[in-house]
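Below, chains carry the letters A, B, ... as their sequence lines are ordered, and counting in each starts from 1.
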Amino acid sequence: MIKSVRGTRDLLPPETALWNFVESAVRDVFRAYNFQEIRTPIFEETALFARSVGEETDIVAKEMYTWEDRGRAASEKGQSLTLRPEATAGIVRAYIEHKLGDRGLNKLYCIGPMFRRERPQKGRYRQFYQIDAEVIGPPSAGSESPARDAEILEMLATLLDRLGITDWDLELNSVGCANDRAAFNEALRKALEPVVGRMCVDCQRRAVTNPLRVFDCKVPEDQPIIEKLPRISQFLDEPCRQHFEKVQAIVQAVGVPFTLNDRLVRGLDYYTRTAFEFTHGALGAQNAILGGGRYDGLSESLGGPAAPGIGFAIGEDRLVMSLKESAEGVVRKPDVYIAPLGAGTNPEAARLARELRHHDLVVELGDESFRLKKSFEVATKAGAKYILIVGENEVKADAFALKNLATGEQVSVPRADLPRQIGQN
RNA sequence: GUGGGAAUAGCUCAACUGGCAGAGCACCGGACUGUGGCUCCGACGGUUGCGGGUUCGAUUCCCGUUUCCCACCCCA
């Protein structure tokens, strides 16, 4: 038997209703902030991700689905292509390619699948779904303003509340600009050198490969050492420091609670200044439900105009997972089950179904070969509110037996009154 | 990529130290010929993930492999 490949999965009903619920809430909320949808290809030239996400990141170094395309002629070599591991790079590429800044398209969102070749785990798949939004534009459009950072954060708080996720926590930090980070990294290496020998084996490795990750260490014995390490906040230059303070002031003013976390670092090369993460308990090691930050130099590094931006990605798989227990009854059950009864009643039943569906009712249609008992069982199992019996007597009278399956109340309803009768409650 | 756990009916899970592979739910039929849910009865359902080994005999023990889960790495 052929099965779905490692790290991929089928999304089945009724869970798909939950996905649609999430996505339509997202579209509603984003619309209120004047975001518009963009759909970019799910594969791009490999170079795009290498240059934006960063050659040295794990994503690019070992987690991408990359292949060599066929050339135009059989003998010709094709270009290297990659399934997108994240959305920002493609959106910024489209922004540059279509000069979206000149068209005033500064607020974009995208919902779709991403691909990373990681070891699968709960809430971590090789094809996973992200909801992504970006504010990007020329500095003259205010895209560099702390007001944009704050607007994004407030929008996310609104979205999570709207989805019924109440126990979230917003963690906020600034990772500064490139210069700040270089100075900080240097200081961090120096500070680690004399103490790293007393730390856990993981930290000893991190100190060499990725010193920033030392801050993620959970070993209790290491905490006193980590507490004394330099923080990025001490290395922010004056513009970055002011920017971050203004972001906090606005977020505070609109009443969105947050925690400063100067251990919060981002893995992708292009991030600058504001970095944030919304977390949610009960998701195991994958407690981050969404994350994002500013990427002021990304457009230029891809050969585009100056276009500061800030964006985020929501892990939709995890979001849906955290919604699962709380969200019941998202599926719309049939308003009515039509039960044709006896040979030759199918056509009349089909006519009735068509009429009722045109009235925006959800209609399930049985078959004249079913015994009435079976029709009742099927209707009940489907969760229909009403069952409509289309038998010989009814067709002759042009009035149909309509029974409320919850109350057991049954009445004869003239054809013309059916939509109104069924549409009630 | 590393370490650990798991895999048995559509679903959730049993099966003692190696001895006929089972239950609940679901599904289908009947009791009940144009009236559901409840109840009762019956039927269906399996290459025990896959491949090899040990054994008279393997769901059980061993080796390999695949997938899922947990934790790393990393990240949304």
Nearest to side-chain heavy atoms of [X], which nucleotide of [options]:
X: A:Ala313; options: B:G34, B:A76, B:C72; value: B:A76
X: A:Lys381; options: B:C27, B:G3, B:C68; value: B:C27
X: A:Asn393; options: B:A76, B:G34, B:G36; value: B:G34
X: A:Glu394; options: B:G34, B:G4, B:C73; value: B:G34
X: A:Gln130; options: B:G1, B:A76, B:C68; value: B:A76
X: A:Glu63; options: B:A76, B:G3, B:C74; value: B:C74
X: A:Gln121; options: B:C72, B:G34, B:C32; value: B:C72

For atom [atom1], what is the distance between [N] and [M], given to the nearest Å?
N: B:C50; M: B:G10; atom1: P; result: 13 Å
N: B:U8; M: B:U2; atom1: C1'; result: 30 Å
N: B:C61; M: B:A6; atom1: P; result: 10 Å
N: B:G53; M: B:U67; atom1: P; result: 24 Å
N: B:C44; M: B:C27; atom1: C1'; result: 9 Å
N: B:G24; M: B:U35; atom1: C1'; result: 29 Å
N: B:C56; M: B:C63; atom1: C1'; result: 23 Å
N: B:U54; M: B:U59; atom1: P; result: 16 Å

Short side-chain N/O contact to [N] OP1/OP2 from [X], under 4.0 Å:
X: A:Lys385; N: B:G36; result: no
X: A:Arg6; N: B:U67; result: yes
X: A:Arg371; N: B:G30; result: yes
X: A:Lys62; N: B:C73; result: no

Give one of base, sugar-phosphate or nothing for [X], where a contact means two heavy atoms less than 4.0 Å apart.
X: A:Gly342; value: nothing
X: A:Glu316; value: nothing
X: A:Phe128; value: base
X: A:Ile389; value: base
X: A:Ile314; value: nothing
X: A:Gln410; value: base
X: A:Gly7; value: sugar-phosphate

Provide, to the nearest angstrom, the distance between the [atom1] atom belonging to [X] and the [atom2] atom belonging to [N].
X: A:Glu377; N: B:C32; atom1: CD; atom2: C1'; value: 10 Å
X: A:Leu402; N: B:G36; atom1: CG; atom2: C1'; value: 15 Å
X: A:Leu319; N: B:A76; atom1: CG; atom2: P; value: 16 Å
X: A:Lys373; N: B:G30; atom1: NZ; atom2: P; value: 9 Å
X: A:Lys122; N: B:C72; atom1: NZ; atom2: P; value: 16 Å
X: A:Phe276; N: B:A76; atom1: CZ; atom2: P; value: 11 Å
X: A:Leu372; N: B:G37; atom1: CG; atom2: C1'; value: 14 Å
X: A:Leu388; N: B:U35; atom1: CG; atom2: C1'; value: 13 Å

On RNA chain B, nearest-nucleotide positions of A:Val5 versus A:Arg116: which is more 5'?
-> A:Val5
Pick the nucleotide of RNA chain B nearest each of A:Asp58 and A:Ala406; which residue has the one closer to the 5' end?
-> A:Ala406
Return the [atom1] to [atom2] distance between [X] and [Y], rounded to the nearest 0.5 Å.
X: A:Glu227; Y: A:Arg263; atom1: CD; atom2: CZ; result: 5.0 Å
X: A:Ile225; Y: A:Arg198; atom1: CD1; atom2: CZ; result: 4.5 Å
X: A:Lys107; Y: A:Tyr33; atom1: NZ; atom2: OH; result: 9.5 Å

So, A:Phe376 and B:G37: ring centres less than 5.5 Å apart, planes less than 30° off, yes or no?
-> no
Can you check whether any acceptor in the base of B:C70 is under 3.5 Å from a donor in the side chain of A:Arg119, or vice versa?
-> no
Step through it carefully: locate the ring centre of A:Tyr109, locate the ring centre of A:Phe30, and say whether they are under 6.0 Å apart.
-> yes
Could you tell me whether a side-chain N or O of A:Glu368 sits under 3.5 Å from a main-chain N or O of A:Thr345, the two making a donor and an acceptor?
-> yes
Between the side chains of A:Ser369 and A:Asp367, is a donor N or O closer than 3.5 angstrom to an acceptor N or O?
-> yes
Please check if any side-chain donor atom of A:Asp10 sits under 3.5 Å from a side-chain acceptor atom of A:Ser4, or the reverse.
-> no
Pairs counted as Watson-Crick or G-U wobble with both distances under 3.5 Å: what dot-bracket string results for RNA chain B, using | for bases tied to another strand?
-> (((((((..((((.....[..))))..((((.......))))......(((((..]....))))))))))))....
So among A:Phe49, A:Tyr65, A:Phe115, A:Trp67, which one has a ring pair (Phe, Tyr, Trp, His ring centres under 6.0 Å) with A:Phe43?
-> A:Trp67
May I have the step-by-step check of side chain to side chain contact (heavy atoms under 4.5 Å, CB included) for A:Phe376 and A:Lys403, ending in yes or no?
-> CA-CA 10 Å; A:Phe376 266 85; A:Lys403 183 167 185 177; 3.9 Å; yes
Any ring-ring contact (aromatic ring centres under 6.0 Å, His included) pairs touching residues 151-190 of chain A, not counting sequence neighbours?
-> A:Trp168-A:Phe278, A:Phe184-A:Phe235
